[in-house]
> 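The structure's right below; bear with me while I get my questions together.
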Amino acid sequence: MEHAHENAGHHTHGHIAPLSMYYAVFGALMVGTAITVAVAYVDLGFVNTAVALGIAVTKATLVILYFMHVRWASRLTWVVIVGSLFWLILMFVIAMTDYLSRGWMGVPGR
Amino acid sequence: MPSPHAPVTAPATNYLNATHGLASWLLTKDHKRIAILYLISITLFFGLGGLFAGIVRLELLTPQSDLLEPDTYNKMFTLHGVVMVFFFLIPSIPAVLGNWLMPVMIGAKDLAFPRINLISWYLYVIGGVLTLAAILGGGVDTGWTFYPPYSTVSPSHVILAGLGVFVAGFSSILTGLNFIVSVHRMRAPGLTWFRLPLFVWAHYATSLIMILGTPVIAITILLLALERGLGLGIFDPTRGGDPVLFQHLFWFYSHPAVYIMILPAMGVMSELVAAFSRKNVFGYSFVAFSSLGIAVLGFVVWGHHLFVSSQSAYMGLIFSILSMLVAIPSAVKVFNWTATLYKGSISWDAPMLYAIGFIGLFTIGGLTGLFLATMGLDIHVHDTYFVVAHFHYIMVGGAIFGYLGGLHYWWPKMTGKLYSEAWARVSAIVIFVGFNLTFFPQFIVGYLGMPRRYAMYPDEFQVLNVMSTAGATVLGVGYTLPLAYFIYSLVKGPAASANPWGAKGLEWTIPSPPPTENFLVTPIVTEPAYNYNPGREVEVA
Amino acid sequence: MGRTLPLFPEAASTFAGNVDALYFFLVAVTAFFSVLIAGLVIFFAVKFRRRSPDEVGAPITGSLALELLWTIIPLILTMVMFVWGAWVFLDLARPPRGSMEIFVVGKQWMWKVQHPDGQREINELHVPVGRNVRLTIGSEDVIHSYYIPAFRQKIDAVPGKLTTMWFNASKAGEYHLFCAEYCGTKHSGMIGRIVAMEPDDFEQWLAGGAGSTPVAGGEQLFTDLACVTCHQSDTGGRGPVLNGIAGKAVLLADGSTVVADDNYLRESIMNPQAKIVAGYQPLMPTFQGLVNEEGLLQLIAYIKSLPSGGSGY
Amino acid sequence: MPDANQAAVHGGAHVDIHNPNLQHHFNDMAQQQEASTLGMWVFLATEIMFFGGMFLCYILYRYWYHDGFVAGSHHLDLFWGALNTVILIVSSLTMAFAVRSAQLGNRRGLMVNLILTMGLGAAFLGIKAIEYSAKFRDKVIPGRHFEWHEVDPIGAQAFFSIYFAMTGMHALHMVVGLGIMSVILFMSWRGRFNETYYTPVEISGLYWHFVDIVWIFLFPLLYLLGRH
Ligand code: HEA
Ligand code: HEA
Ligand code: CUA
Ligand SMILES: [Cu+2]
């Protein structure tokens, strides 16, 4: 059983991060939330959208990398995440291309 | 059957008789038993779907709608499509043959998540029961495509049937998840990616589609149910929605889903062609990567179902050219299988007959897919019987031939029994003839302009429809033959040896039927798949 | 009961021939490859049949040259199909300028037609041979699809928007009209006739009793629905003047521009506040439920008929 | 294939073959743990696509009905939305702590953090219920009784349809998450976890964080864009 412990310790233990890291990430998430809310009260035109989405992406990335330990995860995990996000964007881009290019031909319904 | 190679007497206990009683089956976590559960349940649904098909064909014997009210007819083809697609063909090869073989082929004792595997079967059953409830409650009449706004207003059980499909979808997601994780994490030592049987590659590619595509249809159907049940305005134009958005979301899954149906059959094909010509598959890595190519490219062509739906013409052109590209990896596969036969040692056993049938029918089905992908032509043939003929050539002529071929090939392994080879050959031929008689006339009647989903049709189409109905009768008889001799073999069939075909592959190294844990000792793999000529590998141009 | 065995559909429009040529090309490709592959498979299966139980095949693993060959040849063939298909499609998709415009509305389960001169028909369509005819198609309820096999032409009728198709009949005769998109119980009963007539016969048919024209109907509706209260050149103010907007670019309140095509006009009436014209308030109420698809087509026809307008086709 | 060369159990694996948490079909704990986390990630990939379908609806209708969407989001209560965002982020933190406690074999820490996480999750749902009931009061429930007196009623209805679909699905995931957490809590109470075996805690945590991430996007998209 002692052996078992050691061996398992090598392979199975994810990275044990210090508490300070969790607090730092948490702080960043809170600051991000505060900024998005604050920015929403100022009219910056399309910048509003860019800031809101930029911060959301940053927050999500922080959660994925640190809370979900992906920073220390295998390459395969990265592939799964990046791959599925890529697929999602592919769906958005292709479907929206249809809507954006409607009417280019000048024939209703084409 | 060929001369039984190195007859091995099966050990007294195997996975079939290791434990007894209904509970030992319904609560099993053994992938092989789960495969058998699936085999039984999808056969029932195939019978049901076939029954609906029979009714459809009977009604179409005459131009009038005399046997059935149009309403009933509409329910019949809808249920036929829903049952055949979601409850038969999508689970068929992956959940039966894949479930049984994937762990064995990668040298593992089971899939990574045996309990989830069992849950997936229960989800399938629950989905099936929901759909049956919808059927018994009066049916659905939206077509298997569930297009709104008709599906929002249709007075039939759309939500119940949709829920059935939704739940069955999760069954398929879990199967795909299990395969992916198992292939990554459970391969036996020495079993590198390029030593995997092509069956595994094909199922890996299929699993990618299952996990990336299926959730989209799940949410789409859920949104439809919310719109119908709660009045949300997502697809209904009077509430600001766009019905064409539903079509985008539906086909984002359902086009790739047609590759869920064909890729596993292609995997079976590679095994059959190799085993019955005792030769390694020509261009192994091309066949392997073409599976991935089909899975990936298959995701970006869905709009070829929307050429006349008011989709933007430019997007249509892009979808058209992408659909052309997805044909290339399929072509590569067909040519490689053909080339595999060259200088093989070819036996004419029943599984090989199905394989040969597959190559021919899939080629026709696939090439007629190109008619549909060609925009100028699809305007005319869209939603006619030409489309119906196209997809039956691929799904019945292709996927079902692959499924039956695989079932015949692995039956001795799965059950430990030999079926009657003579009857098997007869039924292969009957099915082939019946199939062509049923669906070839539909190409003609389709180009003539007969729309699909028609309970009544103009008189001049009758002769072709009669031919088609006659063929369906033959086809129906053809399908009952395997059912009969398979069941007979369980009772009276001679015992099968470990490797009755003299084939290569991990599954043929273990007893028939194997013990619950598949391998008593974990195999170590030292050679590529299909290594019929150890030590003699020559590249010829 | 039909005892005939037709094998090929009648070709009665100017582009039917092009579609058929494309079809024959694909049939030829299909026949070639099917015969080639079936032939090879059967030939190999016979020639290399197993002769002794322990025989194995020859150790051949593959050939890059062959792989390239059977990647490139299909690639070339499919690109030919694509280009040819796109060429035929672009012809089918774009109505020529100056086409005679007919309005079609699909509803469960019939096709209602109104001609520019006012004739109305149900489940029939009379058209002259040799003229470009453009159909503007709407749907009252669910999706339908207007399909004329003899013309090789089809387009969906989608609720919530307008679609277009065109043809030029090349042969007088009666042809099938089908609804090709499943639309409920009597989908297969939503059929009718296309009657292509020699121009003289057509003139005669037209003369036989016209109702009010779509433009007149639209004008009537424009008054009845009180559009005039806001949209009249002299009241000035509440709503923009509609004269001449059809087919032109409209500047919107958010700074973007849209072309005022049929679908924009339709949306402006059914969901006026989705796109607000620059310089105006979102005052206009929706007319959803107050005007049906036919009425809409008439209103659009009327707006397009206003002086200095022009649909652009 | 390897008829001739089947070998003994593959080397190096038998060390923890006696770990009671090792399922029979795995060779060792490492393989089992890697399989489980990969499985969870693959499952999350399906979840991304699941929500993705609704995000596509959002994108399209926001593009079509810009004004209606802006008006609709003005109608949402920013205070509750922001508070819920904070609550979920805190719950992610406590969840991360729960996993960390499990890694260290700290059973008490694990249970305390799980309970905190669940409490925060329940608070989120409570606030959502308050918000929903306000929407019912204002009659902005899509359907026949939808009432809207501001700009672009059709677009606004599309907005609220999407709003209810997305937040509803998200809330459903929270409910499922609470169910999972209860099971994990029960298991840790029974002492099922230690520093060699805590995979269930870890993968449940992944799920919880994922649900949090969905909200991180929903909040700006539904409550904030176009506000001011
Ligand atoms: C298993 C199922 C399956 C498979 C594999 C396919 C494969 C293909 N399908 Fe099919 N399809 C369906 C099932 C399937 N389809 C179904 C169910 C529908 C109708 C849905 C509904 O509306 O109800 C449909 C409808 C459908 C449409 C829409 C038609 C319409 O509604 O108007 C289109 C249009 O592009 C299309 C195209 C294709 C193409 C290009 C392929 C390609 O992948 C085919 C590739 C294969 C080959 C090309 C053959 C092998 C090649 C050779 C032997 C060498 C020679 C090659 C060349 C010269 C290129 N299909
Ligand atoms: C996997 C898919 C699959 C399969 C296998 C089949 C199989 C068959 N299909 Fe199907 N078909 C579809 C998928 C499939 N179909 C789809 C998706 C549609 C579109 C639906 C829509 O428009 O929405 C369609 C539509 C469709 C139509 C068009 C209807 C219309 O548009 O109006 C027709 C018409 O002939 C038809 C006929 C047949 C026939 C004769 C068979 C035959 O091959 C069936 C033969 C089988 C049997 C006769 C059963 C054999 C009996 C046994 C094996 C005994 C076992 C019994 C028990 C254990 C109880 N099908
Ligand atoms: Cu109208 Cu089908
Ligand atoms: Cu497709």
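Model, not experiment: these values are computed from the prediction. Note on naming: letters A, B, ... go to the chains in the order of the sequence lines (proteins, then strands), and numbering restarts at 1 for each one.
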> Can you confirm whether or not the ring centre of F48(C) sits under 6.0 Å from the ring centre of Y342(B)?
yes
> Count the heavy-atom pairs under 4.5 Å between each of V142(C), V88(C), N271(C), I143(C) and chain B, then report the option with the highest count.
V142(C)
> Measure Y147(B) against the heavy atoms of chain C and call it side chain, backbone, both or neither at under 4.5 Å.
side chain
> Does any backbone or side-chain atom of V281(B) lie under 4.5 Å from a heavy atom of chain C? Answer side chain, backbone, both or neither.
backbone
> Return yes if a side-chain donor-acceptor contact under 3.5 Å exists between H382(B) and Y147(C), otherwise no.
no
> Chain C heavy atoms under 4.5 Å from L370(B): which part of the residue, side chain, backbone, both or neither?
both
> For Q247(B), is it the side chain, the backbone, both or neither that has a heavy atom under 4.5 Å from a heavy atom of chain C?
side chain
> Just one of R49(C), R50(C), E55(C) clears the side chain to side chain contact (heavy atoms under 4.5 Å, CB included) bar with S347(B), so which one?
R50(C)
> Please flag which part of P329(B) lies under 4.5 Å from any non-hydrogen atom of chain C: side chain, backbone, both or neither.
neither
> Are side-chain heavy atoms of I321(B) and M79(C) found at a separation under 4.5 Å?
yes
> Could you look at Y314(B) and say if it's the side chain, the backbone, both or neither that has a heavy atom under 4.5 Å from chain C?
neither
> Check each atom of T142(B) against the heavy atoms of chain C and say whether the ones under 4.5 Å are side chain, backbone, both or neither.
backbone
> Which pair of heavy atoms, one from A45(C) and one from I356(B), lies closest together, and at what distance?
CB-CD1, 4.3 Å
> Is it the case that T61(C) and N280(B) place a side-chain donor and acceptor less than 3.5 Å from each other?
no
> Let me know if V381(B) has heavy atoms under 4.5 Å from chain C in its side chain, its backbone, both or neither.
backbone
> With a 4.5 angstrom heavy-atom cut-off, could you sort out which part of A275(B) is near chain C: side chain, backbone, both or neither?
backbone
> Under 6.0 Å between ring centres, would you say that holds for Y454(B) and F178(C)?
yes
> Checking N74(B) side chain against T185(C) main chain: does a donor-acceptor pair fall under 3.5 Å?
yes
> Of all of A180(C), A38(C), G189(C), which one pairs up most often with chain B through heavy atoms under 4.5 Å apart?
A180(C)
> F461(B) versus chain C, heavy atoms under 4.5 Å apart: side chain, backbone, both or neither?
side chain
> Which region of S154(B), side chain (C-beta onward) or backbone (N, CA, C, O), has a non-hydrogen atom less than 4.5 Å from a non-hydrogen atom of chain C, or is it both or neither?
neither
> Given a strict heavy-atom distance threshold of 4.5 Å, which part of N336(B) is in contact with chain C: side chain, backbone, both, or neither?
both
> Which bit of W337(B) is near chain C, if near means a heavy-atom gap under 4.5 Å: side chain, backbone, both or neither?
neither
> Over 60° means perpendicular and under 30° means parallel, so classify the ring planes of Y150(B) and Y182(C), tilted if in between.
perpendicular
> Please classify the contact between F362(B) and chain C as side chain, backbone, both or neither, with a heavy-atom cut-off of under 4.5 Å.
neither
> Using a cut-off of under 4.5 Å on heavy-atom pairs, state which of V19(C), N18(C), T164(C) scores highest against chain B.
V19(C)
> Considering only heavy atoms from C-beta outward, does the side chain of F335(B) approach that of I37(C) to under 4.5 Å?
yes
